[in-house]
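What follows is one structure encoded as structure tokens, with my remarks underneath.
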Amino acid sequence: MNKKTFIIIYIIIILVFLNSIDVSATAHTTNNLIIALDPGHGGEETGATYYGLEEKNLNLSLARMLLEELEEYEGVTTILTRTEDEEVSLFERGKRASEQHANMLISLHFNASVSHTSNGASIYLSTGAYHKDELMRLGDSFLGEFEAIGLSNAGMFARVTQMNGRRTDGSFDDYYGVLRHAYNQGIPAMIVEHCYMDSEIDKPYFSTEEGLRKLAIADATAIAAYYNLHKKGEEAPSPKHAAVFGATTKAVEMNYYEAPRLESVALTEYDGKSPGVATYEIEVTDDIGITTIYLVYKNITDGTSFTIYANLEEPLLAGAANITTYFPSHLEPGDYQLAYVGLYNKVGFDAGYNRYNGTLVGYGKCDWLNTFPYSTEADLTIAEQTTISPIRTHHITEGIREHLRTRKHIVFLSPSHQ
């Protein structure tokens with residue numbers, strides 16, 4: 001073998017060796033799934049507080065348990081957006097996930113309601129088109145696991161902004177900040193509300209370490225099943241699915257899966273006072289019946305906003321009706337524009353309508369959109385501040401809040417699963 005041949009062979013061997021190292025490293029980096037776990041709240045933001053427990057602490061404990069469970073699986077790296085009791089902005093949570101090149105952000109929470117009658121687990125997704133199918137399927141995997149450990153399925157939801165925020169593609173922003181900021185940084189994200197902290201039915205799942213561990217295992221199994229992850233020497237878990245894809249318990253019971261549709265809204269009478277009384281003519285289309293309508297107004301001078309609600313004694317079906325509602329106290333006199341209209345039907349599905357360029361643009365189900373002309377039909381002027389009995393004010397506001405608090409999201413429901 002001459003010197004030239006030896007050099008050529010030597011170079012080939014070195015190249016093959018280096019190539020094998022590069023291919024191995026690249027495969028590990030490319031195929032490794034990075035999950036960002038986001039323990040909700042923290043610091044001064046305690047979240048819900050029941051039975052002497054604070055949600056922020058439960059969220060962090062669950063996140064640590066879930067991280068331990070996911071470490072048992074191959075091909076996945078897990079990071080936390082906070083590792084201690086600190087207050088982290090919603091933007092910063094998305095930023096921390098983005099800086100770690102996360103493939104998915106999962107924000108961990110526990111729920112609560114004013115009526116203290118709700119229970120079960122629910123999933124909240126972005127309203128954006130980005131990775132919509134992935135989020136819906138992963139959410140379905142979570143709900144399937146929750147059903148398997150005995151939790152009620154409270155549904156899969158999304159909620160659009162109430163103040164007309166737009167993405168670069170022209171679509172409306174998400175209502176929930178953690179989803180909005182993650183989406184805008186290119187990361188698919190969801191919120192997992194594991195159960196209700198004010199529910200005796202759900203209490204065993206969050207009040208003990210054993211219960212939290214059961215939730216962490218369910219979370220890890222849902223993630224592993226969707227992404228086909230497996231523990232060493234084992235097969236990936238088989239995915240479970242919710243009893244009915246994306247639906248609420250009431251929807252399943254009543255066999256109804258449609259979002260309500262608003263056709264028109266107009267202010268017909270208002271006394272110009274705060275607090276005050278107003279009457280609206282509302283036209284809707286809904287076969288199960290609308291139970292709640294709410295309107296968000298924005299002051300055209302300073303941009304401040306307020307919300308008024310109308311709870312219907314009898315569900316409103318298709319057609320027009322006059323709705324009387326009360327204005328809250330201490331609103332600044334001035335001109336206000338209608339910015340958003342929301343409505344809920346009997347099974348808990350809802351739709352939200354943002355005002356935009358002379359129209360009301362509606363968002364209901366994941367692929368449902370309704371737009372109709374609107375100019376100033378429900379705009380108003382608050383002329384003066386007055387006072388009414390504190391007892392009367394409390395009766396009005398608390399009744400409205402209790403009716404609304406457990407009905408605040410828009411349901412994602414794939415048409416193929418109706």
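This chain uses plain numbering: 1 for the first residue, then up along the sequence.
Between the side chain of Asn59 and the backbone N or O of Gly40 there is at least one donor-acceptor pair closer than 3.5 Å. Looking only at distances, no side-chain donor or acceptor of Tyr205 sits under 3.5 Å from a matching main-chain atom of Leu212. When atom types are taken as modelled, the side chain of Asp38 and the backbone of Ile106 share no donor-acceptor pair closer than 3.5 angstrom. In this structure, Glu55 contributes its side chain and Phe110 its backbone to a donor-acceptor pair below 3.5 Å. Between the Asn184 side chain and the Arg180 main chain, a donor and an acceptor come within less than 3.5 Å of each other. Under a 3.5 Å cut-off, the side chain of Glu377 and the backbone N or O of Ser375 do form a donor-acceptor pair. The main-chain N or O of Val76 is found under 3.5 Å from a side-chain atom of Asn32 such that the two form a donor-acceptor pair. The closest donor-acceptor contact from the side chain of Thr268 to the backbone of Thr279 lies under 3.5 Å. Of the possible donor and acceptor atoms, none in the side chain of Tyr344 sits under 3.5 Å from a partner among the backbone N and O of Val347. In this structure, the side chain of Ser89 engages the main chain of Glu92 through a donor-acceptor pair within 3.5 Å.
Of all the heavy atoms in Tyr73 and Ala224, the pair that sits closest is CE2-CB, 3.4 Å. Here the closest non-hydrogen pair linking Tyr280 and Ala378 is CE2-CB, 4.2 Å. Residues Leu143 and Ala242 come closest through the heavy atom pair CB-CB, 4.0 Å. Among all heavy-atom pairs drawn from Pro39 and Leu37, the shortest one is CD-O, 3.3 Å.
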Side-chain atoms of residues 226-234: list all donor-acceptor pairs with protein atoms under 3.5 Å, sequence neighbours left out, distances to 0.1 Å.
unit_1 : atom_1 : unit_2 : atom_2 : d
Tyr227 : OH     : Glu134 : OE2    : 3.0
His230 : ND1    : Glu234 : O      : 3.3

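Side chains of Arg167 and Thr127: a donor-acceptor N/O pair is present below 3.5 angstrom, by distance only. Between the side chains of His330 and Gln385, not a single donor N or O lies within less than 3.5 Å of an accepting N or O. A donor-acceptor contact closer than 3.5 angstrom is absent between the side chains of Thr304 and Glu332. A donor and an acceptor atom, one from each side chain of Ser122 and Tyr124, are located under 3.5 Å apart. If you check the side chains of Asn153 and Glu147, you find a donor sitting under 3.5 Å from an acceptor.
Between Arg261 and Asp286 there is no salt bridge, since no side-chain nitrogen of the basic residue lies less than 4.0 Å from a carboxylate oxygen of the acidic one. Salt bridge Arg93/Glu86: absent, no basic N to carboxylate O contact under 4.0 Å. Salt-bridge formation is not detected for the pair Asp335/Lys298: no Lys NZ or Arg NE/NH1/NH2 atom is positioned less than 4.0 Å from an Asp or Glu carboxylate oxygen.
Atom CE of Met197 is separated from atom OG of Ser113 by 12.5 Å, given to the nearest 0.5 angstrom.
The six-membered or imidazole ring of Tyr50 lies away from that of Tyr196, with a centre-to-centre distance of 6.0 Å or more. Checked against a 6.0 Å centroid threshold, the rings of His194 and Phe146 count as neighbours.
Using a 4.5 Å heavy-atom threshold, the side chains of Leu67 and Leu80 count as touching. In this structure, the side chains of Pro328 and Ile308 come closer than 4.5 Å at one or more pairs of heavy atoms.
The salt bridge (charged side-chain N to carboxylate O under 4.0 Å, His left out) test applied to Asp287 returns no partner, not counting sequence neighbours. In this view, Arg82 satisfies the salt bridge (charged side-chain N to carboxylate O under 4.0 Å, His left out) rule with no residue, not counting sequence neighbours.
Across Tyr297, Tyr340, Tyr326, a single residue satisfies ring pair (Phe, Tyr, Trp, His ring centres under 6.0 Å) together with Phe306, and that is Tyr297.
Annotation: Glu314, atom CD; neighbour count of heavy atoms from other residues, nucleotides and ligands within 6.0 Å does not exceed 12.
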